[in-house]
Structure formats: C-alpha cells, structure tokens
Amino acid sequence: MMNWIAIIAMLSLPMFAGFSTEDLRLNYPEAIHQKEICSQIINELEEKELSAVHQAYLGGYQTIWANHVFNPIQKLKTFNKGKKNIDEAVRKDPKNIDIRFVRLSVQLNCPKFLGYDEHIKEDKQFIKDHLHKISSVKLKEMCQDLITKGN
C-alpha cells in the first residue's frame, strides 16, 4: 500500500520540467519501495545536463534501481553506473552536503562485498560538522537518521 507522499509524488512527476533538489530529496527514500518513482526520476535526469548535486542524486537513484533489477549482471552494471556518477559528483563539489549524504546513504546500505565503503567515516564526520548549515528540513532529517545508523 502506497503512502500519500508516494501517491502525490507519482501524480506530479509528469508535470515537472525538471526536478528540484528538494523534489529529489523527498522522493529518494520512496524510490527504494516505488519502482515507478525510481525509474521516472532516472529517465528524466539522464536526459538533462546535470549539476553536481543532480548527478549525485542520479547516481543514488541508479544504485537504488539495482534493487529493482533481477538479473545479477544488470544489478552490478546499474550499481557501478550509479557509483560512478556519485564519485564524479563528489570530485566536482566535495563540500556539498547533499552529495556527501547520497554517497554515505549508498555506502551504508549497499552489500559489503561490493567494496564501496571507504568514505563512511569521512562522510559521517563531514555531515556532523555541517548539520547546522542545512536549511532543508527533509535533508536535515535524512542526514540525522543516516549519521546515527550503525552507531
């Protein structure tokens, strides 16, 4: 059963000319359970010239998409494509909290055998140090949940 945020997000997706950062934040946790949301956002972002933040979220959504794919080879290919986008976004703007949030969320939630966990401590510390600067209520909430994960 879908919650009301997922329903509103799905109904409003076709109306967007593009996704704002806040749209991407709001839909990010929903994409884990809502294949349609994840797919629509990836398709939209892949067709655009992206800022570093949008590229990081594209990478995050791509790594989530790997959960919706059944073929193990496709899962790995999709995950690696997302990881590449996230890492490129970090290189472009390493001091951006959204980008660090996306990377940390993927590293904390992906299977350990993928070996994508080398920046967990660094990203947690960065987010802790900059939490007071976050103006988005949603991002602050997601960051607080993430930095307490595994403690």
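Everything quoted here is computed from the prediction, not taken from an experiment.
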- Task: With side-chain contact (heavy atoms from CB on, under 4.5 Å) as the test, would you mind laying out the steps for Val106 and Phe79 before giving the verdict?
- Result: CA-CA 10 Å; Val106 171; Phe79 179 83; 3.9 Å; yes
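- Distance check: Trp65 CH2 to Gln74 CD gives 10.5 Å after rounding to the nearest 0.5 Å.
- Legend: residues meeting side chain to side chain donor-acceptor pair (under 3.5 Å) with Ser51, ordered by chain and number and at least two apart, are His54.
- Here the straight-line distance linking atom SG of Cys143 with atom CG of Leu131 works out to 6.5 Å at 0.5 Å rounding.
- The CD1 atom of Ile42 lies 8.0 Å from the NE2 atom of His68; values are rounded to the nearest 0.5 Å.
- One N or O on the side chain of Asn96 and one on the backbone of Ile99 form a donor-acceptor pair closer than 3.5 Å.
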Would Asp87 and Tyr116 count as a side-chain contact (heavy atoms from CB on, under 4.5 Å) if you check the C-alpha gap in whole Å, the side-chain angles of each, and the deciding distance to 0.1 Å?
CA-CA 11 Å; Asp87 289 343; Tyr116 191 52; 2.7 Å; yes
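- No side-chain donor-acceptor contact under 3.5 Å links Ser39 to the backbone of Lys35.
- With respect to Val53, the side chain to side chain contact (heavy atoms under 4.5 Å, CB included) criterion is satisfied by exactly one of Asp98, Leu24, Leu58, Ile97: Asp98.
- Listed by chain and residue number, Asn80, Leu114 satisfy the side chain to side chain contact (heavy atoms under 4.5 Å, CB included) test with Leu76 (two or more places apart in sequence, or in another chain).
- Asn67 is linked by a side chain to side chain donor-acceptor pair (under 3.5 Å) to nothing, counting only residues two or more places apart in sequence or in another chain.
- Cluster annotation: Val69 and Phe113 are assigned to the same hydrophobic cluster (Ile/Leu/Val/Met/Phe/Trp/Tyr, side-chain heavy-atom contacts under 4.5 Å, transitive).
- Interatomic distance, Leu139 CG to Arg25 CZ, rounded to the nearest 0.5 Å: 4.5 Å.
- Closest non-hydrogen pair, Leu108 versus Lys124, comes out as CD1-CE, 4.2 Å.
- Scanning both residues, Ala89 and Ala52, for their nearest heavy atoms gives CB-O, 3.2 Å.
- Annotation: side chain to side chain donor-acceptor pair (under 3.5 Å) contacts of Tyr28 (sequence neighbours excluded): Ser105.
- Distance CD1/Ile64 to CG/Asn27: 10.0 Å, rounded to 0.5 Å.
- Smallest separation of non-hydrogen atoms from Asp145 and Thr148: O-OG1, 2.9 Å.
- Applying the salt bridge (Lys or Arg N to Asp or Glu O under 4.0 Å) criterion to Glu88, with sequence neighbours excluded, gives Arg91.
- Here Asp123 pairs with Arg100, Arg103 under the salt bridge (Lys or Arg N to Asp or Glu O under 4.0 Å) rule; sequence neighbours left out.
- Among residues two or more places apart in sequence or in another chain, the salt bridge (Lys or Arg N to Asp or Glu O under 4.0 Å) test is passed with Lys138 by Glu141.
- In this structure Lys112 satisfies the side chain to side chain contact (heavy atoms under 4.5 Å, CB included) test together with Asp117, Ile120, sequence neighbours excluded.
- In terms of the ring-ring contact (aromatic ring centres under 6.0 Å, His included) criterion, His119 has no residue partners (sequence neighbours excluded).
- Residues forming a ring-ring contact (aromatic ring centres under 6.0 Å, His included) with Phe126 (at least two apart in sequence, or on another chain): His130.
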**Report entry** Step-by-step side-chain contact (heavy atoms from CB on, under 4.5 Å) determination, Ile86 to Gln62
**Finding:** CA-CA 10 Å; Ile86 294 167; Gln62 288 168 325; over 6 Å; no
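- Residues forming a side chain to side chain donor-acceptor pair (under 3.5 Å) with Ser20 (at least two apart in sequence, or on another chain): Asp23.
- For the salt bridge (Lys or Arg N to Asp or Glu O under 4.0 Å) condition, the pairs that include at least one residue of residues 59-81, sequence neighbours left out, are Glu46-Lys81.
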**OP:** Test side-chain contact (heavy atoms from CB on, under 4.5 Å) on Phe19 and Lys48 and set out the steps.
**Re:** CA-CA 10 Å; Phe19 290 98; Lys48 306 280 184 214; over 6 Å; no
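- To the nearest 0.5 angstrom, Ile127 atom CD1 is 5.0 Å from Leu104 atom CG.
- No hydrogens or angles considered: a donor-acceptor pair under 3.5 Å links the side chains of Gln125 and Asp129.
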